[in-house]
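In what follows, chains are A, B, ... by sequence order, proteins preceding strands, each numbered from 1. Side chains included, hydrogens not; waters and symmetry mates left out as well; all remaining heavy atoms used.
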Amino acid sequence: MEKVRTRFAPSPTGYLHVGGARTALFNWLWARHTGGVFILRIEDTDVARSTQESTDAIFEAMEWLGIDWDEGPFYQSRRGNLYREAMDRLLAAGKAYACDCSAEALEKMRERGMALDGRPRYDGTCREKGLEWTEGTVLRFKVPRIGVTVLPDQVKGDIAFQNADLDDFIIARSDRSPTYNFTVVVDDIDMGVNTIIRGDDHVMNTPKQMLLYQALESPLPAFGHVPMVLGPDRTRLSKRHGATSVTAFRDMGYLPEAMINYLARLGWSHGDQEFFTRDELIEKFTVERIGKSAGIFDMEKLTSLNADHIMATPVEDLGARVEPFLTGLGFDASDTDYRLRVVETLVPRSKTLVDMAAQAAFYYEEDVVFEEQAAKKFLRPVALEPARLLLSKLEALQDWKERALEGVFQAVMDETGLKLGKIAQPVRVALTGRSASPGIFEIIDILGREKTVLRLKKALAFIEARAAKAD
RNA sequence: GGUCCCAUCGUCUAGCGGUUAGGACACCGGCCUCUCACGCCGGUAACCGGGGUUCGAGUCCCCGUGGGAUCACCA
């Protein structure tokens, strides 16, 4: 069996969006699954719209996702002579011809065709003129007038196109630069690409490209057209649907593992399995299992999957990954051991790294700020007695460990006759400012004696002041 | 409008002639419990419509409807 050679060929006219990322992912997975080769090619023939920033953004996004390439990046803008050579071959073989129709004439043809049978098209005016290909004329490909081109699509099945419905499309502009349908084919032939997985917005281009393969006397690659990714309103995903740039998800605290898991599962399935590690994806991915219908991008499911991946990631790893988010919040999170202990308590409660960093705030803040609702509900005079008792016992505690701390609470419970909940909630608010947090013993353990005592005293003062005001 | 594609819970999907139509997200109950999560248990919720084929259709065929893609000297 021939070695699989796939490619991802984005045009650098913007950031890498989720749809493109999924296309890249599928090609990459297929190459990795089969032990093949994955190629990156930048389609920058449209000089006006291509930018270096976009190219860099694409690299950055792919690197973050962990989608690496074996060959490339190749730039179409630097492969002019290759295209020129192919043009000459086609021209010499009579498979292409020059056309000097004006833009106005072309517009007329389209209008006429539209009025005639709803089919706007080029009417072949210059097809047999034998015009010389000079500056100012374009080069058109001579599409067979009869016959059917059947696309054996790996995901959609056979799709038939009447050659008569295809235009004699332009392969070289009047400035002699090659157009998309032509460059892709020439490049894919040159690079030995034998498997093309791409968005299904390309199906209509495919018969034209297949004809080009024939004209260039090259074997056809296998085609697989993947359905689109839609926004919640069922229209093509775009900026107005919110975040669509891959790197935006990185900044929102999503893990690349979760991202590729979600993207893979959107349009592809493996029985009932939802959670996949990168290796499992490579092991189980096949083009055959790609679905045929378009899918809606669901942020909620991505988020849920992200939480699952957070729980599946080693804490050391997570610790390193949240640090920038902690720093971004203005905290000094350079103490690795402390950070790891903090992260450990937050793992099952965090949907994203941003979420995790936000929840970690009380561990780093100098001073806790009591949330109004929480303070109102729990920092009340009834909490004074048990809190004072707890404080004195904590100050005297020798062994500052979770087990011992639990013993301290038990003692307070015994002496006051109160249940743990009655004591823990006020203390929680005192230490974290909020009514929800990780377990009370682990928090105290991690915070340490100094901070715990300080915060407890502050809360005590807060309650006393409040009681005084009430009198 | 022409051409092409698609159609199972709100969403992602399993299903490849015979199933009480399964799972996941979300949602709603309950359990666990120091709070919040996690976890566990349970629930609401789907085969677009109409014709065929067949002993039997979510599964096969046709038509309709709906949605999408594409019709450039853009990629």
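Note on A:Thr303: every side-chain N or O is 4.0 Å or more away from OP1 and OP2 of B:rC25. Distances shown here put a side-chain N or O of A:Ser269 below 4.0 Å from the OP1 or OP2 atom of B:rA14. Put simply, A:Arg234 has a side-chain N or O that comes within less than 4.0 Å of OP1 or OP2 on B:rU11. Remark: A:Arg110 is not in phosphate contact with B:rG2, judged by side-chain N or O atoms under 4.0 Å from OP1 or OP2. Between A:Arg121 and B:rG1, a side-chain N or O to OP1/OP2 separation shorter than 4.0 Å is absent.
For A:Asp46, whose side chain is taken as the heavy atoms from C-beta onward, the closest listed nucleotide among B:rC25, B:rC38, B:rA75 is B:rA75. Considering only the side chain of A:Thr235, B:rG68 comes nearest among B:rC34, B:rA75, B:rG68. The side chain of A:Ser437 lies closest to B:rU35, out of B:rA69, B:rU35, B:rA26. For A:Pro120, counting side-chain heavy atoms from C-beta on, the closest listed nucleotide (B:rC34, B:rC36, B:rG1) is B:rG1. When each of B:rG68, B:rU11, B:rU35 is scored by its nearest atom to the side-chain atoms of A:Arg428, the top-ranked nucleotide is B:rU35. When each of B:rU35, B:rA75, B:rG39 is scored by its nearest atom to the side-chain atoms of A:Tyr180, the top-ranked nucleotide is B:rA75. Between B:rG15, B:rA7, B:rU11, one nucleotide has an atom nearer to the side chain of A:Arg289 than all others, and that is B:rG15. Checking B:rU3, B:rC34, B:rA75 against the side-chain heavy atoms of A:Thr45 singles out B:rA75 as nearest. With B:rA75, B:rC25, B:rC4 as the candidates, the nucleotide lying closest to the side chain of A:Ser11 is B:rA75. The side chain of A:Ala436 sits closest to B:rC36 out of B:rC36, B:rC12, B:rA75.
The P atoms of B:rC31 and B:rC36 are separated by 13 Å, rounded to the nearest whole Å. Taking the C1' atoms as reference points, B:rC40 lies 31 Å from B:rC47, given to the whole Å. Comparing B:rU13 with B:rU70, their C1' atoms are spaced 28 Å from each other, to the whole Å. Atom name C1', nucleotides B:rU33 and B:rU20: the rounded distance is 36 Å, in whole Å.
The base of B:rG23 sits within donor-acceptor range of the side chain of A:Glu274, with an N or O pair under 3.5 Å. For A:Thr179 against B:rC73, a side-chain-to-base donor-acceptor contact under 3.5 Å is absent. Under 3.5 Å, the side chain of A:Asn205 and the base of B:rA75 form at least one donor-acceptor pair of N or O atoms.
For A:Phe26 and A:Phe285, the gap between ring centers is short of 6.0 Å. Two rings, from A:Tyr180 and A:His202, have their centers less than 6.0 Å apart.
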Solution key, residues 106-116 of chain A side-chain donor-acceptor pairs under 3.5 Å, sequence neighbours excluded:
none

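In this structure, A:Arg265 places its CZ atom 11 Å from P of B:rC12, rounding to the nearest Å. Protein atom CD1 of A:Ile260 is 21 Å distant from nucleotide atom P of B:rC12, rounded to whole Å. Look at CG on A:Asp200: it is 7 Å from C1' on B:rC5, rounded to the nearest Å. Remark: C1' of B:rA37 and CD of A:Gln359 are 8 Å apart, rounded to the nearest angstrom. Here the P atom of nucleotide B:rU3 and the CE atom of A:Met204 are 9 Å apart, to the nearest Å. Spacing between atom CZ of A:Phe409 and atom P of B:rU35 amounts to 13 Å, rounded to whole angstrom units. Between the CZ atom of A:Phe182 and the P atom of B:rC73 there is a distance of 16 Å, rounded to whole Å. Rounded to an integer number of Å, the gap from CE of A:Met210 to P of B:rU3 is 20 Å.
Geometrically, A:Lys458 engages A:Phe370 in a cation-pi contact, judged by NZ or CZ lying under 6.0 Å from the ring centre and within 45° of the ring axis. Both cation-pi conditions hold for A:Arg140 and A:Tyr122: the charged atom is under 6.0 angstrom from the six-membered ring centre and inside a 45 degree cone around its axis.
In this structure, B:rU54 makes no Watson-Crick or G-U wobble pair, since no nucleotide meets both defining distances under 3.5 angstrom. Here B:rG1 sits opposite B:rC71 as a Watson-Crick or G-U wobble pair (both hydrogen-bonding atom distances under 3.5 Å). Pair check for B:rA24 finds B:rU11; Watson-Crick or G-U wobble, both atom distances under 3.5 Å. Across all strands shown, nothing is found opposite B:rU19 as a Watson-Crick or G-U wobble partner with both distances under 3.5 Å.
When the nearest nucleotides of RNA chain B are assigned to A:Lys301 and A:Leu106 by heavy-atom distance, the more 5′-ward of the two goes with A:Lys301. Comparing A:Pro438 and A:His202 against RNA chain B, the residue whose closest nucleotide sits nearer the 5' end is A:Pro438.
Pairing each heavy atom of A:Asp158 with each of A:Pro152, the nearest pair is OD1-CA, 3.4 Å.
A:Ile296 comes within 4.0 angstrom of the backbone, heavy atoms only, and of no base.
Remark: A:Ser392 pairs with no residue by the side-chain hydrogen bond (donor to acceptor under 3.5 Å, both in side chains) rule, at least two apart or across chains.
In this structure a side-chain-to-backbone donor-acceptor pair under 3.5 Å is present from A:Asn261 to A:Phe276.
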